[in-house]
Amino acid sequence: MSVAIDQAGVRRWMDLFAQAMSEHRQELVALDTAIGDGDHGTNMDRGMRKAIEKLHADAPPDPGALLKAVAMTLISTVGGAAGPLYGTLFLHLGAGLTDRDAIDLAAYSAAWRRAVDAVQARGSARAGDKTMVDALLPAVDALERSESLEAGLAAAAEAAREGMLATIPLVARRGRASYLGERSAGHQDPGATSTYYLFESAAEALAS
Amino acid sequence: MKKLINAPDQVVADALRGIQAAHGDRLRVSLDPYLLVRADAPVRGKVGLVSGGGSGHEPMHGGYVGRGMLDAACPGEVFTSPTPDQMLAATKAVDGGAGVVHIVKNYTGDVLNFEMAADLAGGEGIEVATVLTNDDVAVEDSLYTAGRRGVGVTVLVEKIAGAAAEAGRSLQEVAEIGRRVNAQGRSMGMALTPCVTPASGRPSFELAEDEVEIGIGIHGEPGRFREQAGPASQVAERLMTPILEDLPFRSGDRVLAFVNGMGGTPLLELYVVYAEVARIAAAHGLRIERNLIGNYITSLEMQGCSITLLKLDDELERYWDAPVDTPALRWGA
């Protein structure tokens with residue numbers, strides 16, 4: 001049986017991600033306080049709350065429109081670097097899934113690849129710069145290598161987690177943490193951490 | 001941590017209500033989205049100036065909205081960049097047909113959001129020129145960082161470019177003058193204490209009772225190194241030496257010297273620092289033609305200071321002296 005993600009599945013994913021941002025708000029604040037300005041958890045929680053409110057107010061017709069609505073809400077409510085970067089991610093992910101009722105692995109992987117490319121173009125971060133890209137890239141690689149959506153999202157979540165942990169020894173080269181130079185080493189990147197929760201909630205949404 | 005607030009998530013809105021109550025005669029204040037616009041905007045035929053950034057740096061930027069300086073400011077949440085829809089609304093509100101200059105401090109979030117806003121404004125037929133400030137010599141300017149932060153020079157760019165716009169200069173000329181101020185200015189800051197954001201309620205970094213942090217940013221970012229607290233003369237040397245070497249400032253240069261408080265420093269101490277700055281500048285052969293001393297670009301309640309030196313020329317000096325009428329900076333008006 002081939003599993004596909006539908007509108008309700010994407011909606012469940014967004015609910016779970018919003019829940020994760022709320023639950024892990026203080027953890028993200030603490031990580032960001034160590035090497036940034038301490039607002040990442042607060043901003044992501046506020047943005048995802050607003051996004052869920054928006055989805056309650058007007059139900060978008062398909063997964064693409066739903067993700068676009070989340071993107072626009074994050075761009076206009078989050079601020080900081082996370083607003084444009086997560087906004088860009090959801091905008092391009094959504095653009096690849098417009099007018100589809102059921103998303104298979106091939107379409108999903110292709111949309112994710114476009115989304116990652118767009119995030120890298122917007123923030124000009126590369127692998128190893130100690131940013132969200134360090135969780136994103138391995139997760140999307142893992143998804144592309146997989147045989148099914150379920151296995152793919154589970155592998156993506158695990159790869160994102162490893163990518164997140166691998167940011168700990170890195171010296172930041174992008175974002176506010178880069179001002180610290182060598183002193184940024186030894187801390188886990190908050191952006192890579194919220195990206196891990198994004199994939200963890202995606203895997204959870206598909207499994208539930 | 002005690003603070004004079006009603007609720008952490010209401011602090012920006014509540015402060016804007018205060019600004020509305022105090023300065024409503026000269027500023028239009030919007031709470032949705034957060035926006036401060038000069039009351040007579042758009043001024044027909046004048047280049048509009050928009051800046052913005054996270055809150056917590058008051059009086060920057062909202063305090064600099066008015067004749068001879070900014071046309072609009074977009075306040076974000078505390079230490080968080082504002083969003084593109086705020087910046088677009090500000091840009092449209094101040095466009096008098098001559099184009100709009102965005103003054104952007106070099107932080108990843110500010111740059112990304114202003115880039116998106118400039119794209120959106122361009123799509124609506126408004127010409128936007130961007131002036132990026134990146135004057136903080138505490139940060140290495142290399143491919144391996146987000147680049148130097150925009151700090152003290154931003155206030156000077158807003159004043160001088162604002163006067164150029166008021167004088168009727170074109171979009172490209174106003175932008176060029178703003179970029180020249182940035183190119184000829186250098187800054188560095190230090191802290192005696194960290195700051196506490198209302199949302200986190202915790203100090204932005206830990207500093208021992210007898211330590212100072214040298215090379216801090218304006219968002220409670222830790223600096224380049226910390227050391228045993230010494231006299232003000234030593235602190236001034238720590239900040240002035242990299243500033244002087246970086247441009248470099250040369251004997252005979254005319255400068256504006258700006259000693260800025262980080263929010264929690266008594267003016268008494270800022271004058272102690274200024275005396276040291278004047279001494280070091282004189283020893284270096286600089287002529288301080290203008291000065292500015294006080295809390296102009298702050299980091300909440302942080303104790304500490306930053307020093308900015310701007311190399312002046314006749315044009316920059318003339319625009320610095322031009323009348324300005326804003327809540328926080330006012331002369332000749």
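Basis for what follows: all heavy atoms, side chains included, without hydrogens, waters or symmetry-related copies. Numbers restart at 1 for each chain; the letters A, B, ... are given by sequence-line order, proteins then strands.
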> What do you reckon, is CZ of B/Arg17 surrounded by more than 12 foreign heavy atoms closer than 6.0 Å?
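Atom CZ in B/Arg17 is crowded, with more than 12 foreign heavy atoms closer than 6.0 Å.
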> To the nearest 0.5 Å, what is the distance between CG (A/Leu74) and OG1 (B/Thr83)?
11.5 Å
> Just verifying a value: how many Å separate A/Asp39 CG and B/Thr197 OG1, rounded to the nearest 0.5 Å?
8.0 Å
> Identify which part of B/Pro33 has an atom lying under 4.5 Å from any heavy atom of chain A, answering side chain, backbone, both or neither.
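When you check distances to chain A, no heavy atom of B/Pro33 falls under 4.5 Å.
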> Heavy-atom distances under 4.5 Å only: say whether A/Arg122 touches chain B with side chain, backbone, both or neither.
both
> Under 4.5 Å from any heavy atom of chain A, what part of B/Asp110 do you find: side chain, backbone, both or neither?
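B/Asp110 touches chain A through side-chain heavy atoms alone.
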> Could you tell me whether the side chain of B/Leu112 reaches within less than 4.5 Å of the side chain of A/Leu85, counting heavy atoms only?
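Heavy-atom side-chain distance check passes, below 4.5 Å.
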> Which heavy atom in A/Ser178 sits nearest to a heavy atom in B/Ala146, and how many Å separate them?
OG-N, 2.8 Å
> Can you confirm whether B/Glu227 is buried at CD, in the sense that more than 12 heavy atoms of other residues, nucleotides or ligands lie under 6.0 Å from that atom?
yes
> Side-chain contact, heavy-atom cut-off 4.5 Å: B/Met116 with A/Thr88?
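Yes - at least one pair of side-chain heavy atoms lies under 4.5 Å apart.
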> Do other residues, nucleotides or ligands put more than 12 heavy atoms under 6.0 Å from the CZ atom of A/Arg12?
yes
> Rounded to the nearest 0.5 Å, what separation is found between the CZ atom of A/Arg46 and the CD atom of B/Glu77?
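So the CZ of A/Arg46 and the CD of B/Glu77 are separated by 4.5 Å.
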> Chain B heavy atoms under 4.5 Å from A/Thr33: which part of the residue, side chain, backbone, both or neither?
both
> Which one wins on heavy-atom pair count under 4.5 Å against chain A: B/Gly217, B/Ser81, B/Gly53, B/Ser204?
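Winner by heavy-atom pair count: B/Ser81.
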> Using non-hydrogen atoms only, which part of A/Val171 is less than 4.5 Å away from chain B: side chain, backbone, both, or neither?
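Contact with chain B: none, neither part.
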> For the atom pair CG (A/Asp32) and CZ (B/Phe79), what is the distance rounded to the nearest 0.5 Å?
12.0 Å
> Please identify, among A/Pro84, A/Gly87, A/Gly80, A/Ala125, the residue contributing the most non-hydrogen atom pairs under 4.5 Å to chain B.
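Heavy-atom pair counts peak at A/Gly80.
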> Can you tell me which portion of A/Glu182 sits under 4.5 Å from chain B's heavy atoms? Options are side chain, backbone, both or neither.
neither
> Which one wins on heavy-atom pair count under 4.5 Å against chain A: B/Gly109, B/Ser200, B/Gly54?
B/Gly109
> Taking A/Gly79's backbone N and O only, do any of them form a donor-acceptor pair with B/Thr80's side chain (distance below 3.5 Å, no angle check)?
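Judged by distance alone, no pair lies under 3.5 Å.
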> Determine the option with the most heavy-atom pairs under 4.5 angstrom with chain B, choosing from A/Gly36, A/Gly175, A/Gly38.
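Highest number of heavy-atom pairs under 4.5 Å: A/Gly175.
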> Who among A/Val29, A/Asn43, A/Ile35 has the most heavy-atom pairs with chain B under 4.5 Å?
A/Asn43
> Within the distance-only criterion (no hydrogens, no angle test), does the side chain of A/Arg176 pair as donor or acceptor with the backbone N or O of B/Thr108 below 3.5 angstrom?
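The answer is no, because no donor-acceptor pair under 3.5 Å joins these two groups.
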> Could you check which of B/Gly76, B/Pro82, B/Pro84 has the highest count of heavy-atom pairs closer than 4.5 Å to chain A?
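Going by pairs under 4.5 Å, I would pick B/Pro84.
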